[in-house]
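Below is one structure, written out as structure tokens; the observations come after it.
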Amino acid sequence: MQNNQRYLVTAALPYANNHLHIGHIAGAYLPPDIYVRYMRMKGEDVIFICGSDEHGTAIEMAAIQEGIQPREIIDRYHFSNKKAFEDLRIDFDIYSRTSNEVHHKTAQEFFLNLHEKGILFTKSEKQLYSEKEKRFLADRFVTGTCPNCGYENARGDECENCGSNLSPLELINPRSKITGDTPVVKESTHFHFPLDKYQEKLEEWLKSKNGWKQNVMNYIKGWMKTGLKERAITRDLEWGVKVPLEGYDGKVLYVWFDAPIGYISATKELFELRGDADGWKRYWLDNDTKLIHFIGKDNIVFHTIIFPAMLMAHGGFILPENVPANEFLNIGGQKQSKSRGTGILVKDIVAKFSADSVRYALAASLPENRDSEFSWEDLQARNNNELAAILGNFVNRTVVFAKNKFGNKIADRTESTPESEDLFRYVSSQAELTGKLIEEFRIKDALSEAMNVARAANKYFNDTEPWKLIKTDKEKCGSIINDCLRVCFSLAVIFRPFIPGASDKILGILGIDTASITWKDASNPAIPAGAELGENMILFPLIEDEEIKPAEKQKEEVTSSAEDKTEDGLITIDDFRKVQFKVAEVLECEKVENSRKLLKLRLKVGDKEKQIVSGISEYYKPEELIGRLIIVVDNLKPSKLMGIESHGMLLAAKSGKELKLVTVDGNIAPGAEVN
RNA sequence: GCCGGGAUAGCUCAGCUGGUUAGAGCGUCGGAAUCAUAAUCCGUAGGUCGGGGGUUCAAGUCCCUCUCCCGGUACCA
């Protein structure tokens with residue numbers, strides 16, 4: 001057989017600033033794992049590549065906020081996510097990371113290749129620069145007042161309040177999110193990639209692609225219609241792949257440029273580990289290789305437009321054969337979101353349920369055509385009503401029967417019946433159908449067809465009634481049980497891509513070596529009559545209601561606590577409303593004796609008076625404050641400072657050694673609400 | 001605002017270029033069976049395919065419009 005075909009399968013590189021949730025798994029990792037397992041059993045030459053995407057602003061910012069090095073952030077999530085994949089038995093040939101030396105080198109070479117060809121061009125742009133930190137501030141590092149609605153904490157890229165898109169330069173009174181200082185406008189020069197020049201070539205290439213999913217094509221059309229635009233491929237940032245040219249200190253490759261190159265670097269690394277340093281070329285530079293990117297829909301542009309354009313520009317590389325992007329998996333109608341901290345994390349779900357159960361439940365509701373829903377009840381129902389009741393039960397009833405009636409040995413098959421032949425014809429055609437569906441990336445349908453085999457198997461058991469036959473015709477009964485055991489083998493093969501754990505167990509019971517299993521075994525399940533069966537076991541323990549309920553509660557807790565403290569420090573309007581700010585007039589003010597910086601203030605808030613203690617005597621003298629209107633938090637839980645009760649706190653802005661009271665712009669009655 | 005996507009049985013979803021009584025799984029209800037993790041098998045009920053209008057011999061499927069949800073993207077004060 002002269003099949004030179006090779007497959008290079010990639011799964012989106014997870015960004016190493018958060019833990020993976022099951023939406024990621026359903027979108028971009030479980031489908032390729034199933035696909036790859038199947039293709040391997042079919043005897044195809046496949047490599048399966050993934051790794052952590054570890055550069056970019058968000059990681060640098062997270063590090064600054066936590067006061068640690070980016071390295072610590074990426075290590076935390078790289079290893080956590082690597083383990084999450086292992087726990088779910090998602091078996092990459094390599095799970096690499098873009099902080100690796102081989103990646104930096106590969107990305108730099110790629111950049112230089114384009115640069116030397118004169119494809120890239122430079123352009124200078126005005127950007128905000130922090131003198132204090134000696135660095136340019138990325139959009140997300142800046143906050144300020146929105147020029148449209150006046151919201152004071154608008155982000156550099158958009159205003160959360162009115163939804164307008166902003167550039168940091170538009171912000172009124174911009175501040176660094178890190179130090180709070182005011183940045184200045186400064187020119188910065190960046191390399192750009194002329195994506196617009198590749199539009200025609202891309203469109204032509206895409207035209208030749210049939211069999212791509214409709215949703216993917218729709219996204220592409222949208223982008224093409226608006227017209228592609230040049231894109232900056234460098235940034236002013238510390239954390240990333242350095243621009244490998246003189247005079248570009250402090251600049252790194254933009255993360256979207258370096259990340260997809262990670263697929264190439266990871267492949268290089270894989271073959272280095274295999275002692276075949278040039279092996280990666282067979283996969284990336286050879287037209288006999290089919291490159292398949294599994295991703296979520298948020299990544300479609302990068303994998304169908306930007307990265308292919310980069311590969312075209314570089315030359316020599318193959319372009320993707322298909323990009324079967326999935327939609328999103330929601331939970332209770334709610335989007336799972338890293339940045340909002342909602343969603344069910346892999347590490348939490350595998351702590352509680354088996355990889356097989358989770359894989360099955362997710363595979364059964366993959367968001368292949370549109371966003372889909374996942375719930376804990378779903379997981380329970382899938383496990384109990386399908387895995388346990390249909391598949392698990394069939395294997396169990398067969399094995400138990402063989403054990404009780406045939407001395408735990410594989411009975412002889414002495415005769416064949418039309419029913420038996422029908423059954424195996426069906427098994428064989430279902431195996432073919434399941435495989436075909438997997439190859440078409442219709443994993444959900446494939447799984448459903450696989451389960452139909454187990455249904456047919458149960459029906460065969462029911463219809464042939466071996467429990468009756470054993471009393472009248474043990475030989476014929478033995479043939480039936482032999483059939484059933486062989487179907488168990490077929491089931492182990494057909495289900496193997498989806499639930500490898502259970503497949504191993506079934507094959508273990510049957511005493512079959514798992515190493516040499518091929519897809520063809522599903523149609524030709526050969527088991528040695530007379531051989532002793534291994535120890536039976538329950539493949540899928542039932543999931544009780546109690547196991548689901550705490551999980552639900554847990555989920556709610558996660559969600560609600562996440563609302564209070566989200567990744568980028570955002571709160572909801574409801575959170576804000578909890579705090580009652582009021583205008584207060586300072587009636588009396590005196591220094592607290594023996595304290596270094598405490599002042600005791602007597603305030604008039606509406607028609608009541610209250611006392612607060614505040615640590616501002618280093619900045620304000622008591623007499624300066626009397627008569628002034630200030631802003632206080634009115635509903636703060638009272639506390640004692642140096643034995644003196646304080647019933648609130650005043651607001652003041654602090655920067656370095658400066659502190660200024662927050663006041664109101666003009667006269668207003670004390671007690672007025674601030675919002 | 002503009003562009004795109006979605007709205008199909010109680011639930012989760014399939015329905016390609018328009019064509020017989022709109023499908024599957026789960027759940028419901030009834031029956032058979034009792035080897036098996038009270039697990040199986042057979043059957044039943046259940047939908048004016050988001051609302052309205054149109055094209056057609058024929059529309060869930062095409063066109064228009066409206067409502068709601070989700071993405072993307074532009075701008076005004």
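Below, read A as the first sequence line, B as the second, and so on, with proteins coming before strands; counting in each chain starts at 1.
Here A:Lys297 lies out of heavy-atom contact (under 4.0 Å) with every strand. When heavy atoms are screened at a 4.0 angstrom cut-off, A:Gly392 is found touching base atoms of the nucleic acid.
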Using the rule given for side chain to side chain donor-acceptor pair (under 3.5 Å), can you reason through A:Glu327 versus A:Asn215, listing the C-alpha separation, both sets of side-chain angles and the distance that settles it, and then say yes or no? CA-CA 9 Å; A:Glu327 306 275 318; A:Asn215 58 343; 2.8 Å; yes
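In this structure, B:G4 and B:C70 make a Watson-Crick or G-U wobble pair, each of the two defining distances being under 3.5 angstrom. Nucleotide B:U34 has no partner under the Watson-Crick or G-U criteria, as no pair reaches both atom distances under 3.5 Å. For B:C76, there is no paired nucleotide, since no Watson-Crick or G-U wobble pair has both relevant distances below 3.5 Å. Across all strands shown, B:C13 pairs with B:G23; the Watson-Crick or G-U wobble distances both stay below 3.5 Å.
The existence of a salt bridge linking A:Asp33 and A:Arg359 is confirmed by a sub-4.0 Å separation between a basic side-chain nitrogen and an acidic carboxylate oxygen.
If you take atom C1' in B:U56 and the same atom in B:G19, they sit 12 Å apart, rounded to whole Å. Remark: the separation of the C1' atoms in B:U55 and B:C64 is 11 Å, to the nearest Å. Atom name P, nucleotides B:G15 and B:A32: the rounded distance is 38 Å, in whole Å. Comparing B:U61 with B:G5, their P atoms sit 15 Å apart, to the nearest whole Å.
Ring centers of A:Tyr360 and A:Phe540: at least 6.0 Å apart, outside the cut-off.
Taking only side-chain nitrogens and oxygens, A:Arg382 never comes nearer than 4.0 Å to OP1 or OP2 of B:U12. Within the 4.0 Å cut-off from OP1 or OP2 of B:G25, not a single side-chain nitrogen or oxygen of A:Asn385 is found.
Comparing A:Lys444 and A:Lys459 against RNA chain B, the residue whose closest nucleotide sits nearer the 5' end is A:Lys444.
Under the stacking definition used here (centres under 5.5 Å, planes under 30°), the residue A:Trp467 qualifies as stacked on the base of B:C35.
Considering all non-hydrogen atoms of both residues, A:Gln199 and A:Met224 come closest at NE2-O, 2.9 Å.
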